[in-house]
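Quick notes on the structure that follows.
Numbers for residues simply follow the sequence, beginning at 1.
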Amino acid sequence: MAGANLTVQGRQLARRLRELRLDTGMDIAETAKRLLCSPAKISRIETAQRPASLRDVRDLCRLYGLDESQTEDMMRLAKDAQKQDWWQAYDDPDFRPYLSLESEATSITEYETTTIPGLFQTEEYARAVIRGWLPDIMDDILQERVQARTKRQERLHGANPPLYRALLDESVLHRHVGGREVMRRQLEQVVKLAQLRHVTVQVIPFTVGAHMGFNSAFQFLEFDSELGPVVGLETLMGHFFLEKPKDIKRFLEAISHSSAVAMSPAESIAKIEAVSRTF
């Protein structure tokens with residue numbers, strides 16, 4: 001699912017609207033016919049591929065026979081889904097859905113194969129990474145994206161931080177990004193953040209060789225609600241999100257296997273400290 005309206009409230013609204021339709025026994029085609037719209041529109045609303053307008057929600061509530069109190073609850077949820085947050089001003093619209101999910105997640109597991117995770121990155125390291133990905137990026141846009149990464153990191157220090165687990169391929173520690181001093185300070189930053197009670201860092205050493213998921217970086221996000229987990233994948237073609245149970249199961253297996261073959265948290269910190277001294 002790429003480019004979806006994956007705010008937590010948006011997902012809750014989409015799920016509830018689908019449940020309401022199923023409760024009435026109507027299919028998508030009949031619902032669309034009664035609302036004088038295309039079946040594709042109803043399908044996209046129910047899968048959070050497009051935001052439902054307040055008018056859409058009001059009309060669907062009437063169609064599904066909700067009473068005044070139930071309609072008010074649905075309208076409140078729809079308004080919450082439209083609320084503006086800091087990430088909605090981010091200049092990369094393709095990445096906004098992930099920022100929204102990350103801001104609401106209660107547990108985040110991230111597996112990285114090439115770079116230090118964004119939630120750990122220093123400003124100078126982040127600047128070097130973004131410049132490397134986008135050599136022609138304008139300076140003001142670059143600065144905005146660096147600041148966005150700094151803003152994301154506030155969650156790790158907030159009142160209700162998520163449980164955060166970083167699984168790092170050892171190559172992440174050795175790849176020279178931004179120069180030796182930048183790398184040394186970045187690795188020191190990882191060690192510092194790993195001391196937080198809600199943060200766990202594990203390094204998967206080169207000696208493990210091939211392992212499940214070793215060539216596919218991903219983010220696994222969980223939420224304190226009835227909504228299921230979401231897997232985020234970032235590629236040259238954009239940002240993609242997976243929610244189907246079979247996909248979630250596969251990534252849970254990858255997390256379990258990667259954690260089992262990785263160094264312990266204590267061994268991982270010792271490894272990172274040792275590598276930092278080589279820069």
Side-chain angles (χ1 to χ4, degrees), residues 1-108 148 151-152 155 158 160 162 219 221-233 238-248:
M1 184 183 298
N5 177 42
L6 287 180
T7 65
V8 171
Q9 294 85 356
R11 292 175 70 211
Q12 290 175 327
L13 178 63
R15 178 174 176 171
R16 183 66 182 132
L17 288 172
R18 181 175 185 274
E19 290 173 346
L20 288 170
R21 177 180 60 76
L22 293 176
D23 287 345
T24 67
M26 282 189 282
D27 60 20
I28 288 178
E30 182 179 357
T31 300
K33 182 178 180 180
R34 294 200 184 188
L35 259 63
L36 302 178
C37 67
S38 70
K41 176 180 177 178
I42 301 300
S43 178
R44 289 195 295 269
I45 287 175
E46 290 187 359
T47 55
Q49 290 291 309
R50 63 167 290 169
S53 70
L54 296 180
R55 176 175 292 181
D56 291 333
V57 175
R58 181 200 63 190
D59 292 346
L60 287 168
C61 287
R62 289 175 178 172
L63 179 61
Y64 299 148
L66 272 64
D67 61 29
E68 184 176 347
S69 176
Q70 293 171 318
T71 299
E72 287 179 358
D73 289 341
M74 290 296 293
M75 293 300 289
R76 190 178 303 110
L77 182 57
K79 290 175 182 176
D80 287 343
Q82 295 181 355
K83 285 182 179 177
Q84 297 291 309
D85 210 334
W86 71 267
W87 46 263
Q88 289 180 305
Y90 187 63
D91 73 279
D92 182 359
D94 199 30
F95 197 49
R96 288 176 197 157
Y98 179 77
L99 293 178
S100 169
L101 293 176
E102 184 183 78
S103 70
E104 297 286 347
T106 55
S107 177
I108 303 170
K151 181 71 174 179
R152 289 168 59 195
R155 281 219 69 203
N160 296 296
Q219 300 86 34
L221 302 100
E222 298 173 274
F223 306 89
D224 187 19
S225 69
E226 75 277 9
L227 297 176
V230 174
V231 173
L233 302 172
H239 301 269
F240 296 84
F241 302 92
L242 306 175
E243 299 179 85
K244 294 181 179 178
K246 66 176 183 178
D247 296 325
I248 296 302

Closest contact, heavy atoms only, [X] versus [Y]:
X: I248; Y: P229; result: CD1-O, 3.6 Å
X: V230; Y: F223; result: CG2-CE1, 4.1 Å
X: R155; Y: A105; result: NH1-O, 2.7 Å
X: Y64; Y: L17; result: CE1-O, 3.9 Å
X: L54; Y: M75; result: O-CE, 3.6 Å

Between R21 (side chain) and I42 (backbone), is there a donor-acceptor pair under 3.5 Å?
-> no
R76 and K79: side chain to side chain contact (heavy atoms under 4.5 Å, CB included), yes or no, with the steps?
-> CA-CA 5 Å; R76 190 178 303 110; K79 290 175 182 176; 5.8 Å; no
Between [atom1] on residue [X] and [atom2] on residue [Y], distance to nearest 0.5 Å:
X: T47; Y: E243; atom1: OG1; atom2: CD; result: 9.0 Å
X: L242; Y: D247; atom1: CG; atom2: CG; result: 4.5 Å
X: S103; Y: L101; atom1: OG; atom2: CG; result: 7.5 Å
X: R55; Y: R58; atom1: CZ; atom2: CZ; result: 5.5 Å

Take a 6.0 Å sphere around [atom1] of [X] and say whether it holds more than 12 heavy atoms from other residues, nucleotides or ligands.
X: D73; atom1: CG; value: yes
X: D23; atom1: CG; value: yes
X: R44; atom1: CZ; value: yes

Flag side-chain contact, heavy atom, 4.5 Å: M74 against L13 = yes
Quick one: does L60's side chain get under 4.5 Å of L20's, heavy atoms only?
->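 L60 vs L20: side chains apart.
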Counting only pairs under 3.5 Å, give me each side-chain donor-acceptor contact of residues 33-41, with atom names and distances, residues two or more places apart or in other chains.
residue: R34; atom: NH2; partner: E30; partner atom: OE2; Å: 2.9
residue: S38; atom: OG; partner: K41; partner atom: N; Å: 3.2
residue: K41; atom: NZ; partner: D56; partner atom: OD1; Å: 3.0

